[in-house]
J.: 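One structure coming up, written as structure tokens, with questions to follow.
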Amino acid sequence: MSSNSVSTDTTGTDRNRPGATVIGVLGLGEAGGEIARNLLDAGAVVRGYDPKVEAPPGAVACSDEADAASGADVVLNVNSSHEAEVALAHALPGLRPGMVWAELNTSSAKAKQHLASLVADAFPGDDTVLFADVAIMSTVPGTGIRTPMLAAGPGAKAFVDLIGPAGGRIEVLDEPVGAAATKKLLRSVFFKGMSMAVVEALVAARAAGLEDWLYDHIREQLVEFDDRAIERIVDGSYRHARRRADEMRAASDLLTDLGVPALMAGASQQSLATIAAKGTAAVTPPG
């Protein structure tokens, strides 16, 4: 990792490492803390700040967001989406043209674009802070900085150049800010939706005394997925929407009888009923 930046901690203890990349990390919870430790292990100077969590050993413990950003080559904002704008506002005095501001929180494309506009307003012109829309595509605990990521926006390439040598697995999207966020959330619709459907089904199965049976059945179904599985799912949902809507209404009634909230089952019934109401002949399955 290379840079001409150096850093000193707020207590005056010598932390200068000529040639080391200086990385500000805002948000030192489960994800940010592990990423910060990985960056330290890779030889970076880490300037960390979190109002509720102490900086990990070896990091420069900073007094606020602006202090953490001061002298950094790249700042990673790993705060939650509802805290991201406040963290950016507090960090602005510590930013300088040419550095990278990387938003790692999970938020919408519009939210990332809004944050990018705040940076652009604070640093107008060509000599600006480079904004990177970064999407973390898997769980961080256990993989840390090696967690697969997508990066888009004007700071994406520089983000990879600075973080990649520490072990980052980052795919650069030659697209504007918001592209990484959109891909992340589209994946979330599928993966998180499927996850909650599995959870709801198993909770209901436990109430019915059939949890082991359903667990094995779900496992078998997932193992049997092949290249045409998605096509069959989409086609069947459109082709048999009316029958499946009735089936999911019955499933919702079962869960209610078992004392289990039918949130996913009820949503599925409503979605299928909407498709059925349009008439299967008039609906073209996507893909």
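Please read all numbers here as calculations on a predicted model, not as lab measurements. The first residue of the sequence shown is numbered 1, and numbering continues consecutively from there. No hydrogens, no waters, no symmetry mates; every other heavy atom, side chains included, goes into these values.
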J.: Checking side-chain contact (heavy atoms from CB on, under 4.5 Å) for the pair Lys183/Leu173: CA distance, chi angles, key distance, verdict?
T.: CA-CA 10 Å; Lys183 288 189 173 183; Leu173 305 178; 3.8 Å; yes
J.: Show your working on side-chain contact (heavy atoms from CB on, under 4.5 Å) between Leu185 and Thr106 and close with a plain yes or no.
T.: CA-CA 8 Å; Leu185 293 177; Thr106 299; 3.8 Å; yes
J.: Starting from the C-alpha separation in whole Å, work towards a yes-or-no answer on side-chain contact (heavy atoms from CB on, under 4.5 Å) for Val86 and Asn79.
T.: CA-CA 10 Å; Val86 172; Asn79 285 289; over 6 Å; no
J.: Assess whether atom CG of Asp174 is packed by more than 12 heavy atoms of other residues, nucleotides or ligands within 6.0 Å.
T.: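 Atom CG in Asp174 is not packed in, count stays at 12 or less.
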J.: Roughly how far apart are His217 NE2 and Leu222 CG, rounded to 0.5 Å?
T.: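 Output value for this atom pair is 10.0 Å.
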J.: Backbone N or O of Val22 within a donor-acceptor pair of the Asp73 side chain at under 3.5 Å?
T.: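 Yes; judged by distance alone, with no hydrogens or angles, the pair exists.
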J.: Rounded to the nearest 0.5 Å, what separation is found between the CD atom of Glu247 and the CZ atom of Arg243?
T.: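 Rounded to the nearest 0.5 Å, the CD-CZ separation comes out at 6.0 Å.
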J.: For Asp246, does the CG atom have more than 12 heavy-atom neighbours from other residues, nucleotides or ligands under 6.0 Å away?
T.: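 More than 12 within 6.0 Å, yes.
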J.: Got a donor-acceptor contact below 3.5 angstrom from the Arg47 side chain to the Ser70 backbone?
T.: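 Pair found, side chain donor or acceptor close to backbone of Ser70.
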J.: Mind running salt bridge (Lys or Arg N to Asp or Glu O under 4.0 Å) on Asp226 and Arg232 for me, showing each step along the way?
T.: CA-CA 10 Å; Asp226 57 24; Arg232 291 194 298 270; 3.2 Å; yes
J.: Rounded to the nearest 0.5 Å, what separates atom CE in Met137 from atom CZ in Phe191?
T.: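 Between atom CE of Met137 and atom CZ of Phe191 there are 11.0 Å.
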J.: If you measure from OH on Tyr215 to CZ on Arg206, what distance do you get to the nearest 0.5 Å?
T.: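 Going from the OH atom of Tyr215 to the CZ atom of Arg206 covers 12.0 Å.
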J.: Distance from Lys157 atom NZ to Leu162 atom CG, nearest 0.5 Å?
T.: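 Nearest 0.5 Å value for the NZ-CG distance: 9.5 Å.
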J.: Run the numbers on Phe225 and Ile230 for side-chain contact (heavy atoms from CB on, under 4.5 Å), then give the verdict.
T.: CA-CA 8 Å; Phe225 265 42; Ile230 297 174; 5.7 Å; no
J.: Which heavy atom in Cys62 sits nearest to a heavy atom in Ala68, and how many Å separate them?
T.: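 Taking every non-hydrogen atom into account, SG-CA, 3.5 Å.
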J.: Examine distances only and state if a side-chain atom of Glu30 and a backbone atom of Pro141 form a donor-acceptor pair shorter than 3.5 Å.
T.: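 No, the answer is negative, given that no donor and acceptor are paired below the 3.5 Å cut-off.
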J.: Applying the 4.5 Å side-chain criterion to the ILVMFWY set and letting contacts propagate, would Val75 and Leu104 be lumped into a single cluster?
T.: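 Not linked; separate clusters.
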J.: Roughly how far, to the nearest 0.5 Å, is CD of Glu34 from CG of Leu39?
T.: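 Output value for this atom pair is 11.0 Å.
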J.: Using modelled atom types only, decide if a donor and an acceptor are shared between the side chain of Lys112 and the backbone of Ser107 within a distance under 3.5 Å.
T.: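 Here the side-chain-to-backbone pair does not exist.
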